[in-house]
*Asks:* 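This structure is in structure tokens; I'll ask about it shortly.
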Amino acid sequence: MVSDRSRLGFYLLLAPILLWLVVLIILPHIGLFLVSISEKIGPREYETGFDNYAVFFTEPLYWRTFARTAIMSIMTTALTLILGFPIAYYIAKLTRGRTKTTLFLMCMIPFWVSELVRTFGWMILLRETGVISNTLQYLGLVNGPIEMLYNDAAIMVGLVYTSILFMVVPLVTTLDSLDDSLIEAGYDLGGTSTSIMREIVIPHAMPGIVSGCIVVFMLSLGNYLTPILLGGKDSLWFTGMIYTQFITRFNWELGSAFGFLLLALSSLVVFLGLKFSGQSLSETMGRP
Amino acid sequence: MPFFILRGCNLTHPNPDLECRDLTKDFDAFRAVDHISFDVPQGSFFSILGPSGCGKTTLLRMIAGFQSPTSGDLRIKGKSMIGVPPNKRPVSMVFQHLALFPTMNIGDNVGFGLRQRGVNKAEIKTRVEQVLDRVGLPHVSERRVDQLSGGQKQRVAIARCMVLEPDVLLLDEPLGALDLKLREHMKIELKSLQHAFNTTFVYITHDQSEALVMSDNIAVMSNGRFEQIGSPHDVYHRPDTAFVAGFVGDANKIDAKVTEVNSAMLTLATETGSEMKVEAAGTGLSVGQPAQVFLRPEAIALGALDAGAESGANTSQGTVETVFFNGANSTVTVKDGAGHLVKVAMPQTGDFATLKKGDAISTCWLPKQARCYAVSGNA
């Protein structure tokens with residue numbers, strides 16, 4: 001009786017996550033996959049095959065856009081890590097008590113505002129008649145208005161800004177768990193700041209670095225709003241391309257195939273990244 | 001040539017390894033370390049013993065360089081260490097929780113310091129093996145930190161410091177986390193390691209038995225000051241202050257008033273009127289002053305009621321209140337006529353094996369076995 005009861009409790013507790021997985025993730029993906037393998041050969045006439053996938057590899061625009069998206073996402077991830085690590089280190093190791101909470105909160109507060117609003121904020125700063133352009137003109141540093149929007153740098157700035165929190169949080173958590181006496185022991189044994197960072201702090205923070213990088217990479221790769229708004233019409237972001245297939249071209253079959261390719265290729269990039277850094281996913285996720 | 005023999009001897013070193021002069025550390029309004037001066041001779045085992053919060057950790061961290069003194073000087077091998085960062089000091093520290101690097105294997109842990117000095121790889125490998133061999137852990141360099149037992153980690157932590165051949169090794173209560181059996185074992189092992197390496201050890205602890213067993217010299221610390229520096233024997237048998245007498249070892253503390261002074265022999269009376277004689281020279285006590293008498297449980301002899309007391313000894317009659325059986329460390333509390341409880345070590349000869357609550361018994365101790373101190377404000 002007791003074991004039956006506890007089993008019932010177990011399934012009841014499991015139900016929400018199972019429902020979530022099956023209804024919201026697995027079922028749509030099965031549907032999407034079925035759509036992606038149907039080739040349109042005439043009006044309302046479909047055949048099963050992988051032609052939609054072949055299009056991606058035969059048409060250079062598509063895979064080049066994907067490569068561009070992936071490379072820019074990797075650069076965003078690297079930039080976010082470089083910017084996020086010192087912030088996280090400062091919050092986790094160099095501050096205590098109230099200051100720590102305040103700083104952590106200050107990192108979070110911008111994320112209470114919608115991403116759309118934050119991106120428009122960047123547009124106000126960067127556009128031709130925006131704050132930065134006007135200030136530079138006012139100071140006499142430039143002669144005419146300058147346009148800082150609609151280029152790759154603007155996309156990068158937007159992406160880093162959007163995703164830095166997802167880098168800082170896991171890093172603060174892992175760095176927090178680093179015992180201060182390990183750092184002191186490093187100094188005591190003759191280590192310099194650089195060697196202690198390299199041999200003690202970074203190896204310890206590796207799980208946080210890896211999980212932060214995975215999250216930031218995936219978020220950037222799958223971001224739609226920021227590249228479109230800050231990059232303009234020609235931003236060429238892979239998610240934009242999927243959107244075009246679904247909405248503009250009514251080609252759901254190709255769009256679905258792109259969706260699956262995005263999933264497969266981004267997983268491949270993450271897999272290679274893990275191999276390259278010698279980390280395993282279970283270790284990274286199990287030891288946040 | 002006796003001159004040359006003397007030069008090699010430990011007793012006549014002109015330059016101690018570690019000298020502290022008037023070392024003081026203030027944290028805002030709180031003075032953690034208060035004008036401390038001491039020398040530690042080369043190759044000796046020096047312990048700083050004190051209750052938690054007495055400032056001993058701050059003192060150790062100043063020697064290691066993690067904190068800088070507010071005033072005073074600190075010299076290692078004659079060189080002042082003021083302003084020298086921890087990674088440039090010829091001292092190494094064994095941390096309370098050892099602070100072995102969990103991301104490295106044992107070999108890399110021990111080799112860390114040598115890598116920082118830019119020693120080449122082959123030499124690091126041989127020196128790491130050598131030092132691990134010396135601490136009795138050969139062939140463990142490939143293992144992970146969590147694959148070792150508590151005692152082995154301890155030895156690795158010491159090896160990690162000793163491979164750098166420091167002038168002074170600092171130990172911050174490293175035995176605190178071990179269980180009792182292992183702690184007893186490690187005490188002896190630490191002492192023999194210290195002997196084998198012939199390095200100066202500065203050991204801080206709140207555990208008096210660790211300090212007594214291992215040290216050549218003990219400093220008893222309280223409220224940021226050294227109460228006494230001396231050999232374990234001196235600290236135990238000739239405590240300078242009431243604090244030391246109460247902190248090191250077990251003692252019965254008796255509050256009394258001086259009723260008679262006869263050169264070194266004092267006669268004191270407790271509030272309830274029981275009298276005792278204590279031999280204490282140089283206490284400066286005069287008649288009528290309140291004093292504290294400290295009496296070790298093992299200094300008191302138990303006897304049958306009719307047993308003749310030695311002349312001049314303090315004797316009293318009482319009844320057994322409780323028997324605390326603890327093997328060789330068994331004790332008895334005896335309630336005397338006036339209702340005072342006195343803790344007495346149980347002689348291990350078997351004469352008192354049948355002692356039980358309520359038995360009538362006499363206690364007896366010699367005046368020279370007790371210590372007497374004037375009552376000061378903070379005692």
Side-chain angles (χ1 to χ4, degrees), chain A residues 81 85 88-89 92-99 170-213 274 276-288, chain B residues 57 60-67 81 84-105 108-119 124 128 131 144-146 153 156-166 168-174 177:
Chain A
L81 178 61
F85 196 88
Y89 190 82
K93 288 282 133 208
L94 305 178
T95 56
R96 307 229 173 280
R98 274 182 77 107
T99 328
L171 281 179
V172 167
T173 320
T174 43
L175 287 173
D176 237 354
S177 70
L178 174 66
D179 192 349
D180 285 342
S181 70
L182 291 180
I183 298 173
E184 285 183 349
Y187 279 113
D188 188 61
L189 295 166
T192 57
S193 305
T194 339
S195 68
I196 287 165
M197 199 46 90
R198 197 182 61 235
E199 294 200 45
I200 300 166
V201 179
I202 291 179
H204 179 92
M206 212 54 197
I209 293 175
V210 171
S211 60
C213 283
L274 284 173
F276 184 68
S277 64
Q279 296 286 312
S280 79
L281 196 63
S282 58
E283 199 183 321
T284 305
M285 295 300 162
R287 210 177 61 173
Chain B
T57 302
L60 198 75
R61 290 174 64 82
M62 283 197 285
I63 301 171
F66 295 121
Q67 257 148 10
M81 287 293 133
V84 178
N87 52 357
K88 300 272 188 293
R89 294 192 182 194
V91 295
S92 285
M93 181 157 162
V94 176
F95 286 78
Q96 189 164 17
H97 300 290
L98 306 180
L100 296 176
F101 307 128
T103 50
M104 300 177 199
N105 66 23
D108 287 345
N109 256 291
V110 177
F112 182 87
L114 294 175
R115 283 203 299 285
Q116 307 310 316
R117 290 187 184 173
V119 178
I124 291 180
V128 166
V131 78
R144 288 203 318 270
V145 171
D146 54 16
K153 282 185 198 166
V156 170
I158 291 165
R160 188 174 71 173
C161 293
M162 294 317 294
V163 77
L164 296 172
E165 291 160 1
V168 178
L169 183 70
L170 308 172
L171 300 105
D172 182 5
E173 303 196 42

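In what follows, chains are A, B, ... by sequence order, proteins preceding strands, each numbered from 1.
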*Asks:* What closest approach, in Å, do F112(B) and I200(A) show between heavy atoms, and which atom pair accounts for it?
*Replies:* CZ-CD1, 3.8 Å
*Asks:* Using non-hydrogen atoms and a 4.5 Å limit, figure out which bit of F101(B) sits close to chain A: side chain, backbone, both or neither.
*Replies:* both
*Asks:* Side chain, backbone, both or neither: which part of D188(A) has a heavy atom under 4.5 Å from chain B?
*Replies:* both
*Asks:* Please look at L114(B) and chain A and tell me whether the side chain, the backbone, both or neither of the residue comes under 4.5 angstrom of a heavy atom of that chain.
*Replies:* neither
*Asks:* Just so I understand: if I count every heavy-atom pair under 4.5 Å between each of G113(B), A99(B), P86(B) and chain A, which residue has the most?
*Replies:* A99(B)
*Asks:* Taking atom CG of D180(A) and atom CZ of F66(B), what is their separation to the nearest 0.5 Å?
*Replies:* 10.5 Å
*Asks:* Measure the spacing between CE of M93(B) and OH of Y187(A) and express it to the nearest 0.5 Å.
*Replies:* 15.5 Å
*Asks:* Sort out for me which of M104(B), R117(B), R160(B), R89(B) touches chain A most, counting heavy-atom pairs under 4.5 Å.
*Replies:* R160(B)
*Asks:* Heavy atoms only: give me the nearest E199(A)-R115(B) pair and the separation to one decimal.
*Replies:* OE1-NH2, 2.7 Å
*Asks:* Kindly give the heavy-atom pair with the smallest separation between L189(A) and L164(B), and that separation in Å.
*Replies:* CD2-CD1, 3.6 Å
*Asks:* CG of D179(A) to CG of L98(B): how many Å apart, nearest 0.5 Å?
*Replies:* 11.0 Å
*Asks:* Which bit of P166(B) is near chain A, if near means a heavy-atom gap under 4.5 Å: side chain, backbone, both or neither?
*Replies:* neither
*Asks:* For N87(B) and T192(A), which heavy atoms make the closest approach, and how far apart are they?
*Replies:* ND2-CA, 4.1 Å
*Asks:* What residue, out of G65(B), A64(B), S92(B), has the most heavy-atom pairs lying under 4.5 Å from chain A?
*Replies:* S92(B)
*Asks:* If I compare all heavy atoms of S195(A) with all of Q116(B), which pair ends up nearest, and what's the gap?
*Replies:* OG-OE1, 2.6 Å
